[in-house]
Number of protein chains: 2
Amino acid sequence: MHVQASAKIELPSYLPHQSPAPVFEGPTTPVSFFPAGAEIYAQGEKAGALYQVEFGAVRIYRLLADGRRQISAFHLAGETFGFEADATHHFFAEAISATGVRVFRTPCGMDMSRQLLPLALRGLTRAQEHLLVLGRQNAIERVAAFLVEMSERQGGLQQVELPMSRNDIGDYLGLTIETVSRVFTRLKEKCVIRLLSLRSIEILKRDTLLAMAE
Amino acid sequence: MHVQASAKIELPSYLPHQSPAPVFEGPTTPVSFFPAGAEIYAQGEKAGALYQVEFGAVRIYRLLADGRRQISAFHLAGETFGFEADATHHFFAEAISATGVRVFRTPCGMDMSRQLLPLALRGLTRAQEHLLVLGRQNAIERVAAFLVEMSERQGGLQQVELPMSRNDIGDYLGLTIETVSRVFTRLKEKCVIRLLSLRSIEILKRDTLLAMAE
DNA sequence: CGTATATTTGAGGGTAATCAACCTATGTGG
DNA sequence: CCACATAGGTTGATTACCCTCAAATATACG
């Protein structure tokens, strides 16, 4: 549900000047269904296909030998994921909730660069911005940044749906679930947010939240 | 000095099957020189050009309002940087030491997707792997991972040149310079590394270092 | 050789992790 | 409909790691 501003977005000259939100054409691929927690692909597997979220949500993550997990990205409805620099997946992809995914197996020899580059660049920017959060922000700032990000990705509405668990949020922000929970409590106490349910929050003071996220 | 394995690298079908290390053709652009610390571009500036490091090294970073800095990437000789998802730079780029940079202003209308996608994907993978370091690894693991990364990017040799200061390393790893310095000392005490000079280390126990980096 | 900068080392404190207990939703079967 | 089980979430006490502040040492440079 990525709201694309209707205003023209200026692009660097090396990008193709066409539809900014590429839609993959060709014979309509059937939508694969993944129940909550199901693996879409695993690290080390052969890569090649592209995936577009139809509904639900996906987490992309990596594991350390001792089980520590870092979620590098969440993908919501409409977003594309699965591209890799070589023929091997370097990350795991799992359905967070019941999720429908359209799988595109690009025919060999077909060049998808024009469609993929903008997506790859957006992913790169997002990852680099996330580096700032993980490297230099404290717990409150991280959670605030996360809530702002999720809100903006859902159209900037007051009410934000969080399809992922506190555990997922922690592993995305480099925090433990206890710390995430404590920060949520503090934000509630300060009346910055309100919990409609466990997975649904309302932003009461957007400005404060933005200031917290720096 | 990125050593490209001569063995064929398998690529996903959506990537163009041609030279894996794209070289930009056309009229040879002159090399711009930047002394140590000079700004190559700033956040908020208009983007559009591409940059290839001829010699020296470059840091890409972002700042928080209070001055905290996160370096998202270092670029060494031979590497390309500067591409953005839209017409604005989201990061700063500075020369670390005396640096030569070839600037490519792609003619308007020209589509560089085929050449850029592999670079963007490699950058994306690198950024995502760095997220794991910042989100889930402790100080020793971070420094070990950094040294391994720098070693591999310089051909896997024992001797590794570190063109950047401790400050830069800290801002890349999400640590303070004091912590970086202390970890270096500990690694020296354990005879895992040896300092040939401040900016040049020798890896004595690669296996131990790899194990530390997980 | 002297100054400025970078790095190392030391002492103390704060933030978030860890360990542990409790609470709350959700779902199942009686 | 309620009792219960279970997973997910919250709260509390303590600890550990890294940051901050401060000083000493090493290195680079005019």
Side-chain angles (χ1 to χ4, degrees), chain A residues 35-37 57 59 64 66-71 94 96-98 133-147 161-190 193-201 212, chain B residues 35-37 59 64 66-71 96-98 133-147 161-190 193-201 212:
Chain A
R59 58 178 167 248
L64 288 172
D66 60 3
R68 279 175 289 176
R69 182 180 71 157
Q70 178 63 43
I71 294 180
E94 274 177 10
I96 291 176
S97 49
V133 175
L134 295 190
R136 286 296 175 216
Q137 298 200 279
N138 64 29
I140 309 170
E141 293 169 333
R142 290 185 202 200
V143 173
F146 169 71
L147 293 177
E161 303 305 317
L162 305 178
M164 66 293 287
S165 68
R166 300 285 186 275
N167 213 321
D168 287 339
I169 298 175
D171 284 352
Y172 179 64
L173 296 178
L175 301 170
T176 60
I177 72 170
E178 294 95 328
T179 300
V180 172
S181 182
R182 276 184 252 269
V183 172
F184 268 90
T185 303
R186 287 181 62 183
L187 291 176
K188 277 188 289 182
E189 286 168 357
K190 289 183 178 176
I193 62 169
R194 192 163 72 90
L195 257 66
L196 306 175
S197 78
L198 273 176
R199 302 282 174 97
S200 177
I201 68 146
M212 283 173 163
Chain B
R59 58 180 167 245
L64 288 173
D66 60 3
R68 281 176 288 177
R69 182 179 72 157
Q70 177 63 44
I71 294 180
I96 292 176
S97 49
V133 175
L134 295 190
R136 287 297 175 216
Q137 298 200 279
N138 63 30
I140 311 169
E141 293 169 333
R142 292 186 201 199
V143 173
F146 170 72
L147 294 177
E161 302 305 317
L162 305 178
M164 68 291 290
S165 68
R166 300 285 185 274
N167 215 322
D168 287 338
I169 297 174
D171 284 351
Y172 179 64
L173 296 178
L175 302 170
T176 59
I177 72 171
E178 293 95 329
T179 300
V180 172
S181 181
R182 276 183 252 269
V183 172
F184 268 92
T185 304
R186 288 182 62 182
L187 291 176
K188 276 188 289 183
E189 285 168 357
K190 289 182 177 176
I193 62 169
R194 191 163 72 91
L195 258 65
L196 306 173
S197 78
L198 272 179
R199 303 284 174 98
S200 176
I201 68 147
M212 284 174 163

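To find a chain, count down the sequence lines: A is the first, B the second, and so on, and within it residues start at 1. Just so we're clear, the structure is a prediction, and the values are computed from it rather than from any experiment.
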Is there side-chain contact between [X] and [Y], with at least one heavy-atom pair below 4.5 Å?
X        : Y        : answer
A:Gln70  : A:Asp171 : no
B:Val180 : B:Phe146 : no
B:Leu196 : B:Ile201 : no

B:Arg199 side chain to B:Pro163 main-chain N or O, any donor-acceptor pair under 3.5 Å?
yes

Is there a donor-acceptor pair closer than 3.5 Å between any side-chain N or O of B:Arg68 and the backbone N or O of A:Arg136?
yes

Mind checking what makes side chain to side chain donor-acceptor pair (under 3.5 Å) contact with A:Ser97, not counting sequence neighbours?
none

Listed by chain and number, what are the salt bridge (charged side-chain N to carboxylate O under 4.0 Å, His left out) partners of B:Arg142, not counting sequence neighbours?
none

Between which nucleotides of DNA chain D, 5' to 3', does chain B make heavy-atom contacts below 4.0 Å?
D:dC18 to D:dT27

Is the positively charged end of A:Arg166 above the ring of A:Phe184, judged by distance under 6.0 angstrom from the centroid and angle within 45° of the axis?
yes

For the helix from C:dC1-D:dG30 to C:dG30-D:dC1, what angle separates the axis at the start from the axis at the finish, each from five pairs, in steps of 10°?
40°

Nucleotide by nucleotide, nucleotides 3-18 of chain C touches protein heavy atoms under 4.0 Å in the pattern (B base, S sugar-phosphate only, - none) ----SBBBB----SSB

Could you note down all residue pairs passing salt bridge (charged side-chain N to carboxylate O under 4.0 Å, His left out) where residues 178-187 of chain A supplies at least one of them, sequence neighbours left out?
none

side-chain hydrogen bond (donor to acceptor under 3.5 Å, both in side chains) between B:Ser200 and B:Ser197: does it pass, once the steps are laid out?
CA-CA 5 Å; B:Ser200 176; B:Ser197 78; 4.7 Å; no

